[in-house]
A.B. asks: 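Quick one: this structure, given as C-alpha cells, is what I'll be asking you about.
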Number of protein chains: 2
Amino acid sequence: MAPPETRKGRNLVTGIGFGALFAILAISLAMNVTLLGFLPGIYQPQPPPQDGQSHSQTCPALATDQHHDQEKPKEATQLDRAKDETSISFTSGSRPASQGSIINLDHGDPTMFESFWRSTGEDATIVIPGWQMMSYFSDVTNLCWFLDPEFAKQIRRLHALVGNAVAEDRHIVVGTGSTQLFQAALFALSPSDALQPTPVVSTVPYYSSYPAVTDFLRSGLFRWAGDANNFQGKHYIELVCSPNNPDGFMKEAVLKSDTGTTIHDLAYYWPQYTAITKPADHEIMLFTVSKSTGHAGTRLGWALVKDQEIAKRMTKFVELNSIGVSKDSQLRAAKILKVISDGYEIPNPGQPKLFEFGRNLLRQRWERLREVVRETGIFSLPEFPSAHCTFTGSTTSSFPAFAWVKCEWEEAEDCAEFLKKHNILTRSGKHFGVGINHARVSMLDRDETFDLFIQRLASIK
Amino acid sequence: MAPPETRKGRNLVTGIGFGALFAILAISLAMNVTLLGFLPGIYQPQPPPQDGQSHSQTCPALATDQHHDQEKPKEATQLDRAKDETSISFTSGSRPASQGSIINLDHGDPTMFESFWRSTGEDATIVIPGWQMMSYFSDVTNLCWFLDPEFAKQIRRLHALVGNAVAEDRHIVVGTGSTQLFQAALFALSPSDALQPTPVVSTVPYYSSYPAVTDFLRSGLFRWAGDANNFQGKHYIELVCSPNNPDGFMKEAVLKSDTGTTIHDLAYYWPQYTAITKPADHEIMLFTVSKSTGHAGTRLGWALVKDQEIAKRMTKFVELNSIGVSKDSQLRAAKILKVISDGYEIPNPGQPKLFEFGRNLLRQRWERLREVVRETGIFSLPEFPSAHCTFTGSTTSSFPAFAWVKCEWEEAEDCAEFLKKHNILTRSGKHFGVGINHARVSMLDRDETFDLFIQRLASIK
C-alpha cells in the first residue's frame, strides 16, 4: 500500500481547463445537495421525553427510537441509516429494577464480563500514584509516540497466544476506542489531494455507526457511500467487520480493485465469539478492549498496521484529534491483557481463563435463546457453520456478541417496535442498512438482564 | 445562544434559483482551491532523520523543524500556520542527558508539576480493581452520559474554591483533553445546514494547533480563517485563549456580531499563571488537567457550557468521535482535583498547596529568565501588568506557562533557528500567525531541564 500522495492539489487544480472545472463543480454541487439532505437527520433535535421520569429533563436522547419512529414511514431511509450508534436512554447501562422493567439491549455494553474480573481478585488491580505518567509522551522512539510500551508488549503477547492476528513486525497505533482508530484509518487512507472525498462502503448489514461516524463532520476527505455490493468505482475504502456486527458471520472484502483499500474491524475475532481459524493478516486491523476483555469504559483500541506511512498518518490523526490517548487507560489495559495471558501461560489450576468464561457463558445464552425462539416461533436466528478453532483445538460454532433476529410473526413486522411494546429495547435493522424485520439484540449484558430477557420472550403470546 | 437550526438544508437548496446556485458554486470552488493549496502541507511527509540515532528509524517527525524550515522562505505562509501542534522529536518529553544535550522546550509538557505530586504521597493515588468501570455509561441521567459524577463534583468544587469560572448551573462536557472539546465546540457552533463552512478565527498570535486541528479533516462545517483582526463577516467562531498561548496576555473577543460565536479556551486561567480577577462566565469555556494540575498524560479536559443545546451537540461529538471518555482518567482526575481542593479546605499545616507551588516555581523561573535576558540582551520578553488576585488576596503579575521571546540580536533574526543552533528547541513565531523573530519557550519542564536552559542562554555570546 503506497503512502498517500501529497502536495499535488495545487497542480491538479491549475492544470485543468475550465470545462473540467465546470464538470467538477457540477459533481460537487450534486454531492453537496445530497449531503445537505443527508446530514441534518443525524443531529435532529430530540423531542422532549414524555415519560414523566424526573431525570428525563437532562437525558439527551431519551427513548429516541420511540418518538422518532412514530413520525416516519417504515422503509429504511438515508436518515435512518445515518442514525448514530449511541442513542442513550435512561435505561442504558442499568439493571432492570423489576420484572416489568425496560430491558435495554440496544447497546453492546459488555457488562457480562464483570463477574469474570471479580473472580481474578487483585491480580487485575492497578495502582497509580499522583505523580506518575504526567508527560504527554510515552515512547518517542516509537512511531506511535503516545503508545505505552508495556501495553504494546501485552498486545503482541495476547495475539501470539490466541493466534487471531499477526502482530509481530506490525505497527501498533493506540486509540481512544476503536472508534477513534476507525476515523484515523479513514484519514490515513484518503488521499489529501483528491478532488472528491473517498467513498466509504461496507456490505449490508453493516455496523450502524459506520455511516454516522464517517459523515458527521462532512469531511472533504471521505464520505459514506453505502452498501459495498452496489458500489461501482476503483477508489474506495471498504470496511470489513468480521465476525460481523450485527449478524455474527465471518466476512471478507467484496471489492477487489488495486486502487481500493480496506479496513478490517476485528473487534469480535476472539475465541469467546467464534472459532479462530487463522491469524488475520490485513493492512489495517482494528481491535478494542471493549469487546475482547469487556472494558468498554476504558475506551481503548489498537490498530495493527502493515504500512509505515499509513501508521504514521493514523498516529497523526490521533495527535490532532486528542494529542494521544489516556496513559491511565493504557496502564490498566496492559494489566488486563497480562492477566488474560497469564491465565493461560502460567501454570495454575485455579486461574480463571477469560475466553473459556466468555465462550461458556455465551454458549449457554445462545442455547437458551434458541430454545425460547423454537418454543415461541417469534423469530428466526442465524445458523452458524462450525469450524476448527486453532486456539481451543476443537471444532465449534459461533456465539456472537449480538443476536441478529428476524421477526417471523405477522404482527411483528417491525421487529424492534414489536419488542419495544414488550419493554425490550433493541436496534432496528434499518440502522444497519437493511429492513425493519430485523433487529440486533445485545448478548453481552449482565446475567440478571439476560435472564429477564429470556423470561420476557417466553411470556410473549 | 440559540440552538443550531437543523433540517433546513433541503429547503434552502430547493428554494433558491439557478443564479444563486451558480454564485454559491463559484464561492465553493474558490474555497476548494484555497483549501487544496492549504491542506496538503499539514500532512507533508517528513524527510528521513539524519542524525544517525538508532531509534530514528521509527520516530515519526524527528527534528521536523530542522529539515522542514531549511527548504522554505522565512515568511509566515499558510503552510506554516497550518503546522500542527505536536512535532515529536526523540528529545520530546525526555531529560537532557548531558550539559551539551538538546533541550526540548517546543511542547508545553507540564512535568514541573511531578515534584508537587510526589510531595502529596499516597493521597493522590488511585486504585482500580479489574471489574470496576467496565460499562460505557457513567450517568445516563446527565446530559453528558459519560461524565463521571464524582469528577463533575470535584470540577465544580475547584472552580468555586479558585473563583476562576462560573461552574454552578453550567453543563459540564468531558473530553479526551481540551483538544477534543475544542473540536466538539466547533461542531456544536457550526450550523449543520449552512451552505459554507463557518469561519474560525483568533487574533494573532494564536495557539499554533488551532489552524491544523480545525482543518485537518477538511470539514464542510467549519474552516480556519486566520487572524480575527482581519475578519469581515457576521457568522464566525472566534477562539479566545486567555491567558493567551503563546504570549501570556489576558485576551477578550474582538468580534462583536450578534450572529458570531466564541469559544473561550481558559486552559491557563489558574492562579499559578495569572491573577484571578473574576469568575469567567462565557458561553463555552474549556479547561484541561494538562495545564491546571500537570497531568497531560491523563488526556482529560472539561467544558463549562451555558446553553443546553450546545452542550448536547458537544456531547454528541464526543459520542461519535470516541463513544465517551476514559473512565480511568476521570477517576484519576477526580482524585487529583479533590487533593488540590483538600489542600486548601481541610486545615492541615503540612498539606501541600498546588497553586502556591506552581506560582512560586514559575515566579522563580521567570525571574531567572528575565535576569539572563537582561545580562545577554538576546531577547526581549513581554511585561505583564499586575492585578489583584481574588484567590490569593494579593496583587501580582503573570508568570505564564510559555515565554514568548523576541530575539533582538541581528544574527538571531530567526529566533527559533538561532536557539536551535544552541541545541534549544522552541516553536517559531510563524506557527502562531506572526513572524520568525518570535519564539515560544515552555516554562513547564522539569527543574534540571530549565536549569540547563538558563545556563545555556547565559553561555551564548
Side-chain angles (χ1 to χ4, degrees), chain A residues 6-7 9-10 13 25 33 36-37 40 43 55 58 60 86 88 90 92-93 109 111 114 117-118 120 124-131 133-137 140-141 143 145 176-177 179-180 192-193 213 216-221 294-297 299 312 319-320 322-323 326-329 332, chain B residues 6-7 9-10 13 25 33 36-37 40 43 55 58 60 86 88 90 92-93 109 111 114 117-118 120 124-131 133-137 140-143 145 176-177 179-180 192 213 216-221 294-297 299 312 319-320 322-323 326-329 332:
Chain A
T6 56
R7 301 186 65 90
R10 217 182 299 266
V13 171
L25 277 172
V33 172
L36 281 165
Y43 317 113
H55 53 246
T58 52
T86 46
I88 313 307
F90 68 94
S92 298
D109 203 28
T111 42
E114 282 173 355
W117 291 106
R118 282 182 195 272
T120 62
T125 300
I126 56 159
V127 177
I128 313 179
W131 51 268
M133 306 191 301
M134 295 184 63
S135 169
Y136 286 105
F137 304 99
V140 291
T141 67
L143 181 150
W145 54 268
T176 308
T179 300
Q180 189 185 38
S192 56
D193 59 351
V213 172
F216 78 117
L217 288 175
R218 291 168 52 179
S219 173
L221 300 178
H295 290 82
R299 309 303 319 118
K312 275 187 190 172
E319 277 179 30
L320 289 163
S322 58
I323 320 185
S326 166
K327 286 186 176 183
D328 311 302
S329 287
R332 187 167 189 217
Chain B
T6 55
R7 302 184 67 89
R10 218 182 298 267
V13 171
L25 277 173
V33 173
L36 281 165
Y43 317 112
H55 52 246
T58 53
T86 47
I88 313 307
F90 68 93
S92 298
D109 203 27
T111 43
E114 282 172 355
W117 291 104
R118 282 182 196 272
T120 62
T125 299
I126 56 160
V127 178
I128 313 180
W131 52 268
M133 305 191 301
M134 295 184 63
S135 169
Y136 286 106
F137 304 99
V140 291
T141 67
N142 194 342
L143 182 150
W145 55 268
T176 309
T179 300
Q180 189 185 36
S192 56
V213 172
F216 77 116
L217 287 174
R218 291 167 52 179
S219 173
L221 300 179
H295 291 82
R299 309 304 319 119
K312 274 186 190 173
E319 276 179 31
L320 289 163
S322 58
I323 320 186
S326 166
K327 286 186 176 183
D328 311 303
S329 286
R332 187 166 188 219

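Chain identifiers are assigned alphabetically (A, B, ...) following the order of the sequence lines, protein sequences preceding nucleic acid strands; residue numbering begins at 1 within each chain.
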A.B. asks: Do the side chain of B/R299 and the main chain of A/S322 share a donor and acceptor less than 3.5 angstrom apart?
C.D. replies: yes
A.B. asks: What distance separates A/Y136 OH from B/H295 NE2, expressed to the nearest 0.5 Å?
C.D. replies: 13.0 Å
A.B. asks: Do you know which of A/A124, A/G93, A/S135 has the most heavy-atom pairs under 4.5 Å to chain B?
C.D. replies: A/S135
A.B. asks: Heavy-atom pairs under 4.5 Å with chain B: which of A/E114, A/M134, A/R118 has the most?
C.D. replies: A/M134
A.B. asks: Please identify, among A/T179, A/V127, A/I126, A/T176, the residue contributing the most non-hydrogen atom pairs under 4.5 Å to chain B.
C.D. replies: A/I126
A.B. asks: Identify which part of B/R332 has an atom lying under 4.5 Å from any heavy atom of chain A, answering side chain, backbone, both or neither.
C.D. replies: side chain
A.B. asks: Is B/K327 reaching over with its side chain to a backbone N or O of B/F137, donor-acceptor style, under 3.5 angstrom?
C.D. replies: yes
A.B. asks: To the closest 0.5 Å, what do you measure between OG (B/S219) and CG (A/L221)?
C.D. replies: 10.0 Å
A.B. asks: Closest approach of B/D328 and A/S329, non-hydrogen atoms and distance?
C.D. replies: OD2-OG, 3.2 Å
A.B. asks: Side chain, backbone, both or neither: which part of B/T111 has an atom under 4.5 Å from a heavy atom of chain A?
C.D. replies: side chain
